[in-house]
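Only one structure is covered here, and it is reproduced in the block below.
No experiment lies behind these values; they were computed from the predicted model shown. We count residues from 1, following the sequence as given.
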Amino acid sequence: MEVASLPKDRDKAAGQPFWVRDSETVTVAWSEQETRLLLQESHRAYNTEVNDLLLTALGSALYNWSGQKRVLVNLEGHGREAIVPDMDITRTVGWFTSQYPVLLDVDGKAEVGQRIKRVKEDLRHVPHKGIGYGILKYMSSDNAILP
C-alpha cells in the first residue's frame with residue numbers, strides 16, 4: 001500500500017539549505033479546565049479514548065494542510081495498561097514500550113463525528129495496542145508487515 005510523503009518546504013536533495021532563522025516555535029498552553037474536559041469529558045459522546053480524539057485532530061490538521069486523506073504515523077505505547085486479560089503486571093517495574101505504524105485515514109470533508117468513529121475503529125483493530133509488532137515484523141514471512 002502506497003502512502004504519499006508529506007510535502008516539504010525545501011528539498012535537501014536539490015541543495016536548498018535549512019536555516020534555524022527560518023523556523024518558528026509555536027507554544028500552546030491549555031488551562032486546567034480545558035485539560036480536564038479533554039481527559040475526562042470529551043470521550044463520552046463516542047465512547048473514545050483520548051488518543052482517538054488527538055489522532056483524529058492530527059489527521060484532520062494534516063488533511064487541511066496537505067490535502068492528503070491518508071497519512072502513516074508511528075505510535076508508541078507504554079504497555080502498562082491492561083492489554084492481555086489475566087496478566088498481572090502490578091509487580092513489574094518499568095515500561096513495555098512498543099512502536100507500531102498506524103494509517104490515519106481521515107476524510108477532512110466528512111463530519112467530525114464520522115472522522116472520530118473511523119479513527120476509533122481503526123485503532124481498535126490494532127492487535128494488543130501494538131505490543132508485539134516489533135517482533136512480528138521481523139519474524140513474519142508476510143511482506144505486507146515488513147518495513
Does the distance from a Lys or Arg side-chain N to an Asp or Glu carboxylate O, for Lys129 and Glu49, drop under 4.0 Å?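 Salt bridge flag = yes for Glu49 with Lys129.
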If two hydrophobic side chains count as joined below 4.5 Å and joins carry through other members, does [X] share a cluster with [Y]?
| X | Y | value |
| --- | --- | --- |
| Leu58 | Val26 | no |
| Tyr63 | Ile116 | no |
| Leu53 | Leu55 | no |
| Val126 | Val71 | yes |

Quick check for you: to the nearest 0.5 Å, what is the distance between [X] atom [atom1] and [Y] atom [atom2]?
| X | Y | atom1 | atom2 | result |
| --- | --- | --- | --- | --- |
| Thr48 | Lys117 | OG1 | NZ | 11.5 Å |
| Leu38 | Trp30 | CG | CH2 | 4.5 Å |
| Leu37 | Ser31 | CG | OG | 7.5 Å |
| Arg124 | Glu121 | CZ | CD | 9.5 Å |
| Gln68 | Leu6 | CD | CG | 5.5 Å |
| His43 | Lys120 | NE2 | NZ | 10.5 Å |

Start with the C-alpha distance between Thr27 and Thr25, add both sets of side-chain angles, then the distance that settles side chain to side chain contact (heavy atoms under 4.5 Å, CB included), and finish with yes or no. CA-CA 7 Å; Thr27 303; Thr25 300; 4.1 Å; yes
Compare every heavy atom of Asp105 with every heavy atom of Arg70, then report the nearest pair and how far apart it is.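 Answer, listing the atom of Arg70 first, then Asp105: CG-OD1, 3.4 Å.
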Considering all heavy atoms of both residues, which atom of Asp52 and which atom of Thr56 are nearest to each other, and what is their separation?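 Reported closest heavy-atom pair: O-OG1, 2.7 Å.
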Leu123 vs Leu75, side chain to side chain contact (heavy atoms under 4.5 Å, CB included): CA-CA, chis, key distance, verdict: CA-CA 11 Å; Leu123 290 176; Leu75 297 184; 4.0 Å; yes
